[in-house]
Asks: 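Before I ask anything, let me first share the structure, which is written out below as structure tokens.
Note that this is a predicted model, so its numbers are computed, not measured.
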Amino acid sequence: MARKRRLLSGRWLPLSSLLLAILVQTAVAQNDTTTTPSGGNDAAAQVTVDDLRKVFDRLIKASDGGDRAALTRFGQLYRSLYEQAYFEAASGAPKQATAMIPELDRWLAERGTSGSATAQFWMAERTKMLQNFGAKPADLAEVARWYRSSAEQGFAPAQDALGQVLGFFPEYAREPFEAEKWLFQAARQGEGAAGERLLEAIEIDVQRANYRPDVDIQAWLTQRAEAGDAKAKALLTKLASQN
């Protein structure tokens, strides 16, 4: 109940207003006024699945091309649809988002299957996100599969996410200590806190039998230590004591 109260406590905008705001933001960012329906609030009320799909398509293509702002906008919009559907179910509001989601989910799955790294990443994120709205626990094998498809294309957010999944659930790894491999690749691309998570993964793995860090990871760890990272220094000391 506490979670439901937080979700319903005064933070909701009508879906039409939210979608119009994001449509405008996206169109302005792309200098393309044809994306946005005209007519103010009346147009907002007429936002359709096709309108959203066009925006989704543009954001996904931009994200696949390396635009992290586009990835963020896509995530905001996608989460907002699910939040609105949750609100609609709890309040009896018109089921506008609820009606849109199945078709948009199918479209996203098709984009992922056809090779979009962003869509693949978000298929995994979607599976996890549903738990926040009362769905059954995520199928981690499916989550790992989608993340891996995206990570193998060099998509840093998916590399970071896959590393985290494999770090906690190594049974989904294809090789020993594979979580480090993906976290390292994400860290090399400057992805968020992937470097800190890699240090945590090494800290766990160093306690396991037959552990030896990858040569490139060892060099990265040494570089971190030489730059003054206390955790990296401690890990190098522990590794040296085991040899």
Side-chain angles (χ1 to χ4, degrees), residues 53 56-83 101-102 104-205 208 211 213-214 216-217 220:
R53 199 157 36 210
F56 276 9
D57 188 58
R58 290 171 182 262
L59 292 175
I60 283 177
K61 286 178 179 177
S63 175
D64 284 343
D67 185 345
R68 288 293 177 265
L71 176 63
T72 298
R73 287 196 296 272
F74 178 86
Q76 290 170 340
L77 177 52
Y78 201 75
R79 286 190 186 95
S80 294
L81 282 170
Y82 275 88
E83 289 175 350
I101 284 174
L104 291 169
D105 280 351
R106 285 192 296 273
W107 175 85
L108 185 65
E110 289 170 1
R111 288 300 307 271
T113 301
S114 66
S116 165
T118 299
Q120 290 164 351
F121 171 74
W122 261 97
M123 283 301 296
E125 290 287 292
R126 169 190 172 276
T127 303
K128 295 193 306 179
M129 182 180 64
L130 285 170
Q131 289 182 253
N132 295 329
F133 303 105
K136 65 181 182 180
D139 180 345
L140 286 174
E142 180 184 0
V143 169
R145 178 176 65 83
W146 281 117
Y147 279 147
R148 186 179 293 279
S149 295
S150 183
E152 287 174 346
Q153 296 192 63
F155 196 66
Q159 292 171 341
D160 185 15
L162 178 60
Q164 293 178 64
V165 170
L166 300 182
F168 285 106
F169 303 96
E171 61 267 31
Y172 297 108
R174 294 182 179 175
E175 58 192 67
F177 315 116
E178 189 187 6
E180 291 185 18
K181 164 188 170 180
W182 293 112
L183 291 170
F184 176 59
Q185 291 194 34
R188 285 200 302 184
Q189 296 195 63
E191 179 62 28
E196 297 302 320
R197 285 190 271 270
L198 176 55
L199 289 174
E200 293 172 4
I202 295 171
E203 190 172 26
I204 294 171
D205 290 343
R208 295 173 175 166
Y211 173 70
D214 178 85
D216 289 337
I217 294 177
W220 175 86

Asks: Asp105: which residues meet the side-chain contact (heavy atoms from CB on, under 4.5 Å) condition with it, sequence neighbours left out?
Replies: Tyr78, Tyr82, Ile101, Arg126
Asks: Hey, is Arg197 close enough to Glu200 for a salt bridge, meaning N to O under 4.0 Å?
Replies: no
Asks: Is the closest side-chain heavy-atom distance between Ile202 and Tyr211 below 4.5 Å?
Replies: yes
Asks: So do Phe155 and Ser63 actually touch side chain to side chain, heavy atoms under 4.5 Å?
Replies: yes
Asks: What closest approach, in Å, do Ser116 and Ala119 show between heavy atoms, and which atom pair accounts for it?
Replies: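 That closest heavy-atom pairing would be OG-N, 3.1 Å.
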Asks: Which pair of heavy atoms, one from Glu178 and one from Leu166, lies closest together, and at what distance?
Replies: OE1-CD1, 3.6 Å
Asks: Let me know which of Gln185, Lys181, Arg148 forms a side chain to side chain donor-acceptor pair (under 3.5 Å) with Gln159.
Replies: Gln185
Asks: Ignoring hydrogens, what is the shortest heavy-atom contact between Tyr172 and Ala144? Give both atom names and the distance.
Replies: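 In this case the closest contact between Tyr172 and Ala144 is CB-CB, 4.3 Å.
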Asks: So which heavy atom on Ala156 is nearest to which on Ala186, and how close?
Replies: O-CB, 3.7 Å
Asks: What distance do Ile217 atom CD1 and Arg188 atom CZ have between them, rounded to the nearest 0.5 Å?
Replies: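 Atom-to-atom, Ile217:CD1 and Arg188:CZ are 9.0 Å apart.
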Asks: Is any side-chain heavy atom of Leu183 closer than 4.5 Å to one of Glu180?
Replies: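 Heavy-atom side-chain distance check fails, nothing below 4.5 Å.
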Asks: Mind jotting down which residue pairs meet the side-chain hydrogen bond (donor to acceptor under 3.5 Å, both in side chains) criterion with at least one end in residues 149-158? Sequence neighbours excluded, please.
Replies: Gln120-Gln153
Asks: Looking at CH2 of Trp182 and CG of Leu162, how far apart are the two atoms once the value is rounded to the nearest 0.5 Å?
Replies: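 So the CH2 of Trp182 and the CG of Leu162 are separated by 6.5 Å.
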Asks: Quick one, Leu59 and Thr118 - any side-chain contact, counting heavy atoms below 4.5 Å?
Replies: no
Asks: Are Trp220 and Asp214 close enough, and set up right, to give a side-chain contact (heavy atoms from CB on, under 4.5 Å), and what steps lead you there?
Replies: CA-CA 10 Å; Trp220 175 86; Asp214 178 85; over 6 Å; no
Asks: For the residue pair Ala194 and Ala187, what are the closest heavy atoms and their distance?
Replies: CB-N, 3.7 Å
Asks: Would you say Arg111 and Asp57 make side-chain contact, with heavy atoms under 4.5 Å?
Replies: yes
Asks: What pairs with Ala161 under side-chain contact (heavy atoms from CB on, under 4.5 Å), at least two apart in sequence or on another chain?
Replies: Phe121, Tyr147
Asks: Would Leu71 and Trp122 satisfy side-chain contact (heavy atoms from CB on, under 4.5 Å), going step by step from the backbone distance to the final call?
Replies: CA-CA 10 Å; Leu71 176 63; Trp122 261 97; 3.7 Å; yes
Asks: Are any non-hydrogen side-chain atoms of Glu191 and Arg68 less than 4.5 angstrom apart?
Replies: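 The answer is yes; the side chains approach within 4.5 Å.
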Asks: Any salt bridge between Asp64 and Lys61, counting N to O under 4.0 Å?
Replies: no
Asks: Go through Leu77 and Phe56 one step at a time and tell me if the side-chain contact (heavy atoms from CB on, under 4.5 Å) criterion holds.
Replies: CA-CA 9 Å; Leu77 177 52; Phe56 276 9; 3.0 Å; yes
